[in-house]
*Asks:* 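Following this message is one structure expressed as structure tokens.
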Amino acid sequence: MNVLNKKTIEDIDVAGKRVLVRCDFNVPLKNGVITSDERIVATLPTIEYLIGKGAKIILCAHFGRPAGTGYEEAFSLAPVAKYLAGLLNKGVKMATDIVGESAKKLASELKDGDVMLLENVRFDKRETKNDPEFSKQLASLAEIYVDDAFGSAHRAHSSTAGVADFLPAVCGYLIQKEIKYIGGALENPKRPFVAILGGAKVSDKIGVINNLIDKVDTLIIGGGMAYTFFAAKGYGTGTSLCETDKITLAKEMMAKAEAKGVALLLPIDNKVGKEYAADTEVKIVNSDEIPADWMGLDIGPKSQALFADAIKGSGTVIWNGPMGVSEWDNFASGTIAVAKAVADSGAVSIIGGGDSVAAVQKLGFADKMSHISTGGGASLEFMEGIELPGIAALNDK
Ligand code: AMP
């Protein structure tokens with residue numbers, strides 16, 4: 001599959017057509033109030049484009065994990081319809097079901113440029129089973145399918161993949177951008193291509209490490225993950241995070257990098273703490289000198305300089321995962337240094353993962369990055385080289 005060759009909403013005539021748009025509206029909700037509207041705002045370019053072209057727009061999405069046995073108020077998308085109506089400054093009709101009488105009636109009454117939202121697709125358990133009959137029923141509401149839910153693209157469900165068997169299927173602007181940047185970096189990166197991986201566990205990112213070693217010129221590993229690599233090098237890791245069952249794998253990855261001529265950079269020094277606490281006693285130690293009763297909680301200043309130097313001349317940077325326990329100010333310096341280096345690099349920069357994205361946003365660097373990925377699990381699987389069902393299902397140009 002060539003992900004860069006997928007049709008987009010601009011490749012299809014949507015005027016006057018009923019268009020089913022899969023969105024990612026899985027927003028944080030507290031007592032009926034949406035606490036972050038990022039995901040809703042992210043779908044606006046696609047929805048506004050369709051309104052402008054005079055399409056009849058039928059939005060659908062999942063929200064949380066309902067039982068799948070019908071309507072549950074706590075998982076209703078009604079608050080999203082209301083919120084979206086405010087953003088669009090126009091009415092958004094809310095169906096009381098997904099493929100039932102309410103949805104069918106509202107869909108048939110849509111005028112050009114009108115917008116409606118179906119109820120939570122997961123109210124029907126056939127959704128997550130990718131049931132062909134349910135996919136067909138969803139498809140029968142519309143004439144064109146647009147997928148804009150990158151955060152769900154790694155799931156083969158009816159509304160993210162199955163429905164594409166029954167309708168012309170194209171991507172919206174959000175998925176188009178994810179494909180352009182992540183797909184573009186993996187297929188045809190501007191070199192040197194540098195990947196920076198951090199976060200807690202090697203086990204979460206082993207697939208990404210393995211795939212990226214085949215693609216990058218430099219692989220930087222920081223965060224809790226680094227200590228398993230230290231163990232693989234024979235260093236003591238004190239009380240740091242260390243996955244003993246992944247040490248052999250770490251050795252294999254280091255050997256693979258060497259065989260491929262990829263520079264694998266690990267921290268050379270670390271900020272270690274006495275215990276896992278925000279205000280614990282700290283000191284800086286070299287990587288092969290971590291005392292037995294101390295734990296590595298951030299990279300040290302020499303590592304920051306080493307990593308920043310590698311990032312400086314890069315053409316493409318992919319970064320996922322913090323360099324330390326960046327939620328605590330005392331252990332955020334490494335992550336901040338990397339964020340600064342990426343922002344200043346001038347490279348095509350792609351940021352993923354909650355903590356790295358949070359660091360970039362907190363520092364006000366979001367505008368300096370080429371792309372901030374909207375899907376955690378989906379962007380990791382994309383970087384692992386796994387085919388995403390939500391993208392594979394779309395028509396080729
Ligand atoms: P991930 O979700 O895999 O990107 O991991 C993010 C988490 O990794 C954050 O909650 C960090 O606190 C944690 N983390 C990063 N470095 C370390 C470290 N050296 N020791 C313990 N946890 C870490």
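Just so you know, these numbers come straight off a predicted model, no measurement behind them. Start at 1 with the first residue, then count along the sequence.
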*Asks:* Take I47 and L84, measure what side chain to side chain contact (heavy atoms under 4.5 Å, CB included) needs, and give me the verdict at the end.
*Replies:* CA-CA 10 Å; I47 298 172; L84 180 63; 4.2 Å; yes
*Asks:* Under a 4.5 Å cut-off applied to non-hydrogen side-chain atoms, are L118 and I58 in contact?
*Replies:* yes
*Asks:* Do K340 and F365 form a cation-pi contact, if we require the NZ or CZ to be under 6.0 Å from the six-membered ring centre and within 45 degrees of the ring's axis?
*Replies:* no
*Asks:* Around E258, counting heavy atoms of other residues, nucleotides and ligands shown, do more than 12 lie under 6.0 Å from its CD?
*Replies:* no
*Asks:* Should the ring pair Y173 and Y49 be called parallel, tilted or perpendicular, given that the plane angle runs from 0 to 90° and is split at 30 and 60?
*Replies:* perpendicular
*Asks:* Are D148 and T43 close enough, and set up right, to give a side chain to side chain donor-acceptor pair (under 3.5 Å), and what steps lead you there?
*Replies:* CA-CA 7 Å; D148 216 19; T43 61; over 6 Å; no
*Asks:* Restricting to non-hydrogen atoms, name the atom on E187 and the atom on N2 that form the minimum distance, rounded to 0.1 Å.
*Replies:* OE1-OD1, 4.2 Å
*Asks:* Would you say NZ of K90 has more than 12 non-hydrogen atoms from neighbouring residues, nucleotides or ligands within 6.0 angstrom?
*Replies:* yes
*Asks:* List the atom of A232, the atom of K251, and the distance in Å for their closest heavy-atom pair.
*Replies:* O-CE, 3.5 Å
*Asks:* With the 4.5 Å side-chain cut-off for hydrophobic clustering, are V170 and L138 part of the same group?
*Replies:* yes
*Asks:* Please indicate whether K17 has more than 12 foreign heavy atoms, meaning atoms of other residues, nucleotides or ligands, lying under 6.0 Å from its NZ.
*Replies:* yes
*Asks:* Which heavy atom in R155 sits nearest to a heavy atom in T160, and how many Å separate them?
*Replies:* O-OG1, 2.6 Å
*Asks:* Given H62, which of E127, H157, R22 fulfils the side chain to side chain donor-acceptor pair (under 3.5 Å) condition?
*Replies:* R22
*Asks:* Is it the case that over 12 heavy atoms from other parts of the model lie below 6.0 angstrom from the CD atom of E289?
*Replies:* yes
*Asks:* What class does the angle between the rings of Y276 and W328 fall in, given that below 30° is parallel, 30 to 60° is tilted and above 60° is perpendicular?
*Replies:* tilted
*Asks:* Does N5 have more than 12 heavy atoms from other residues, nucleotides or ligands lying within 6.0 Å of its CG?
*Replies:* yes
*Asks:* Nearest heavy-atom pair of A310 and I220: which atoms, and what distance?
*Replies:* CB-CD1, 4.1 Å
*Asks:* Can you tell me how far NZ of K233 sits from CE of M254, rounded to the nearest 0.5 angstrom?
*Replies:* 6.0 Å
*Asks:* Between N26 and R39, which heavy-atom pair has the shortest distance, and what is it?
*Replies:* O-NH1, 2.7 Å
*Asks:* Measuring from I209:CD1 to F229:CZ, what's the distance to the nearest 0.5 Å?
*Replies:* 4.0 Å
*Asks:* Is it the case that more than 12 heavy atoms not belonging to K53 sit under 6.0 Å from its NZ atom?
*Replies:* no
*Asks:* Are side-chain heavy atoms of I40 and V27 found at a separation under 4.5 Å?
*Replies:* yes
*Asks:* Taking atom types as modelled and ignoring hydrogens, do the side chains of Y71 and D97 form a donor-acceptor contact shorter than 3.5 angstrom?
*Replies:* no
*Asks:* Any sub-3.5 Å donor-acceptor pair from W319's side-chain atoms to G321's backbone N or O?
*Replies:* yes
*Asks:* For K180, I'd like to know if atom NZ has over 12 heavy atoms of other residues, nucleotides or ligands within 6.0 Å.
*Replies:* no
*Asks:* Can a side-chain donor-acceptor contact be found between D269 and S303 if the only test is distance below 3.5 angstrom?
*Replies:* yes
*Asks:* Looking just at side-chain N and O atoms, do T239 and D293 make a donor-acceptor pair shorter than 3.5 Å?
*Replies:* no
*Asks:* Whether the E178 and S379 side chains hold a donor-acceptor pair (N or O, under 3.5 Å, no angle test) is what I'd like checked.
*Replies:* no
*Asks:* Yes or no on side chain to side chain donor-acceptor pair (under 3.5 Å) for N270 and S287, after CA distance, side-chain angles and deciding distance?
*Replies:* CA-CA 6 Å; N270 309 268; S287 294; 3.1 Å; yes
*Asks:* Report the C-alpha separation of E119 and S76 in whole Å, then their side-chain angles, then the decisive distance to 0.1 Å, and conclude whether the side chain to side chain donor-acceptor pair (under 3.5 Å) test is met.
*Replies:* CA-CA 6 Å; E119 254 306 355; S76 170; 2.5 Å; yes
*Asks:* What I want to check is whether the side chains of S203 and E243 have a donor and an acceptor closer together than 3.5 Å.
*Replies:* yes
